[in-house]
Amino acid sequence: MAGVSRLQYRTETKLIRVMCSGRVDLEFVFRAFLNGMDGVFIGGCRLGECNYITHGNYHALNMVLLCRRIMEHIGLNPERLSIEFMTSGEGILFAEVMNDFGRKIESLGPLGTSDDIDEGALRDRIESVRKLIPYIKMAEKEKLESRLKKEDEYDGLFTVEEIESLFKDVISFYIDPEKCQACGICLRRCPVEAIEGGKNLIHIIDQDKCIKCGTCYEACPPRFGAIEKITGEPAPPPVPEDKRTVIRKKKE
Ligand code: SF4
Ligand code: SF4
């Protein structure tokens, strides 16, 4: 409506249309920051007025509340991310909100500057969060799907302590080379091809690709029990390639 009515709003804004505000993922926000955006604004339909049964705007709100906490955790000013709800007919409101947000971001300065983080460190912090997004979404699934009734509930949905422990107790999965029998079940079930292996080869998990879904942990047959879940510390390094042959014990 703002465009049709020829309302002016800040020209540095880049609009990305999505079918529903609920489509905006944590990944999109951090990718925007990595791509040089100084602020991200999400506009959604008014809460409770979704035309569909999905109510994606509640999901968008929860995602923003979670994302803001994560931003705080990595030292970014959470005010760089904003969400507002309005109807498509409220062009004047949209233009006002965009102008206010633009002024806010201008006063904060380029990303990292007001946050006192140099560019390299900022990039590293955002990249390490991006790797954990599937894990964070799984860990916070229930809250991400909840529907807050009142604004005063916003602050309590995700707490600083909760986000700190989420990052401190991050999980990893590790294949014990002494127990792996190269059955290949984990490799076939992994949704992101993070497991390497082959016939008679001890399987290993590529920790950079692993999204910590736990599928392999559930799938490894109990008689082998080769996959360990590790909390709060990194997985041990994988066995060297020349030592990956499975040595099976002979039946007596
Ligand atoms: S935890 Fe999930 S993503 Fe990671 S290796 Fe296992 S199946 Fe693959
Ligand atoms: S499912 Fe278990 S035993 Fe089979 S290859 Fe994977 S880790 Fe090894």
Side-chain angles (χ1 to χ4, degrees), residues 22-35 59 62-63 66-67 69-71 73-74 123-146 158 162-252:
R23 176 71 185 92
V24 185
D25 195 271
L26 275 175
E27 163 66 19
F28 297 3
V29 178
F30 285 108
R31 200 189 309 158
F33 288 139
L34 267 187
N35 286 340
H59 194 278
N62 298 343
M63 186 282 291
L66 173 60
C67 195
R69 286 286 188 221
I70 297 172
M71 288 167 70
H73 182 77
I74 61 170
R123 192 157 275 277
D124 288 350
R125 289 184 202 181
I126 296 178
E127 285 292 10
S128 53
V129 167
R130 281 181 78 197
K131 277 190 200 160
L132 292 177
I133 286 176
Y135 158 73
I136 295 169
K137 282 165 62 179
M138 266 185 296
E140 299 293 355
K141 187 172 183 293
E142 213 171 294
K143 287 191 181 178
L144 283 170
E145 289 171 0
S146 64
F158 301 102
E162 178 183 358
I163 299 305
E164 273 170 12
S165 89
L166 188 69
F167 280 88
K168 187 166 78 61
D169 299 333
V170 68
I171 56 166
S172 324
F173 293 92
Y174 172 70
I175 297 178
D176 184 339
E178 301 286 326
K179 295 183 181 169
C180 178
Q181 293 298 301
C183 70
I185 294 175
C186 57
L187 183 146
R188 290 193 292 278
R189 300 263 180 93
C190 176
V192 292
E193 299 182 356
I195 299 180
E196 292 168 27
K199 195 175 172 197
N200 290 328
L201 287 179
I202 292 166
H203 287 39
I204 59 143
I205 295 176
D206 181 335
Q207 299 295 335
D208 280 337
K209 288 188 189 165
C210 174
I211 58 168
K212 306 178 190 300
C213 68
T215 304
C216 55
Y217 182 67
E218 303 289 332
C220 182
R223 65 184 185 282
F224 303 141
I227 302 187
E228 289 173 19
K229 185 178 182 179
I230 300 170
T231 305
E233 52 186 276
V239 276
E241 277 189 42
D242 58 347
K243 296 201 173 113
R244 289 191 193 161
T245 307
V246 173
I247 299 164
R248 293 195 170 84
K249 285 180 193 155
K250 285 192 183 135
K251 282 182 189 159
E252 294 184 358

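All ligand and atom numbering here is 1-based and tracks the order in the structure. Everything numeric here is computed off the predicted structure, so don't read it as measured data. Residue numbers start at 1 and run along the sequence shown.
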Problem - Plane angle bin for F167 and H73 - parallel if under 30°, tilted between 30 and 60°, otherwise perpendicular - result: parallel
Problem - Atoms of ligand 2 close to Q181 [distance to a heavy atom under 4.0 angstrom, numbered from 1] - result: 3 (S), 8 (Fe)
Handout entry: salt bridge (charged side-chain N to carboxylate O under 4.0 Å, His left out) partners of E164, counting only residues at least two apart
Key = none
Practice task
Could I get the full list of salt bridge (charged side-chain N to carboxylate O under 4.0 Å, His left out) partners for K131, not counting sequence neighbours?
Solution key: D208
Exercise for the section: Check step by step if side-chain contact (heavy atoms from CB on, under 4.5 Å) holds for D176 and F224. Expected result: CA-CA 10 Å; D176 184 339; F224 303 141; over 6 Å; no
Completion exercise
At under 4.0 Å between heavy atoms, what of I227 touches ligand 1? The answer is neither
Fill in the blank from the handout: Note: ligand 2 atoms sitting under 4.0 Å from heavy atoms of I175 are 7 (S)
Handout entry: Interfacing atoms of ligand 2 (cut-off 4.0 Å, heavy-atom, F224)
Key = 3 (S)
Practice task
For E145, check side chain to side chain donor-acceptor pair (under 3.5 Å) against everything at least two apart and list the hits.
Solution key: K141
Problem - Atoms of ligand 2, numbered as shown, that sit under 4.0 Å from any heavy atom of A182 - result: 5 (S), 8 (Fe)
Handout entry: Close side-chain approach of E162 and L166, heavy atoms under 4.5 Å
Key = no
Practice task
Take R69 and E140 through the test salt bridge (charged side-chain N to carboxylate O under 4.0 Å, His left out) and record every step on the way to the result.
Solution key: CA-CA 12 Å; R69 286 286 188 221; E140 299 293 355; over 6 Å; no
Problem - Where ligand 1 meets I195 - atom numbers and elements under 4.0 angstrom, heavy-atom basis - result: 5 (S)
Exercise for the section: Look at the N, O or S atoms of C186, main chain and side chain alike, and state whether any lies under 2.8 Å from atom 2 (Fe) of ligand 2. Expected result: no
Handout entry: Close approach, G184 and ligand 2, non-hydrogen under 4.0 angstrom
Key = yes
Completion exercise
Interatomic distance, CD@E228 vs CD1@I171, rounded to 0.5 Å, equals 13.5 Å
Exercise for the section: Given side-chain contact (heavy atoms from CB on, under 4.5 Å), test F33 with V129 step by step and report yes or no. Expected result: CA-CA 12 Å; F33 288 139; V129 167; over 6 Å; no
Problem - Closest approach of C216 to I227 (non-hydrogen atoms, all atoms of both residues) - result: O-CD1, 3.4 Å
Exercise for the section: May I ask you to test the F30-C67 pair for a side-chain heavy-atom distance under 4.5 Å? Expected result: yes
Problem - Heavy-atom pair of closest approach, residues E127 and L34 - result: OE2-CD1, 3.4 Å
Handout entry: Every N, O or S from the protein that is nearer than 2.8 Å to atom 2 (Fe) of ligand 1
Key = C213 SG
Problem - Nearest non-hydrogen protein atom, atom 8 (Fe) of ligand 2 - result: C180 SG, 2.4 Å
Practice task
Identify, for atom 2 (Fe) of ligand 2, the protein heavy atom at the shortest distance, and state residue, atom and that distance.
Solution key: C220 SG, 2.4 Å
Practice task
Could you establish whether G197 and ligand 2 come within less than 4.0 Å of each other, counting only heavy atoms on the residue side?
Solution key: no
Practice task
For atom 4 (Fe) of ligand 2, grab the closest protein heavy atom and report residue, atom and distance to one decimal in Å.
Solution key: C183 SG, 2.3 Å
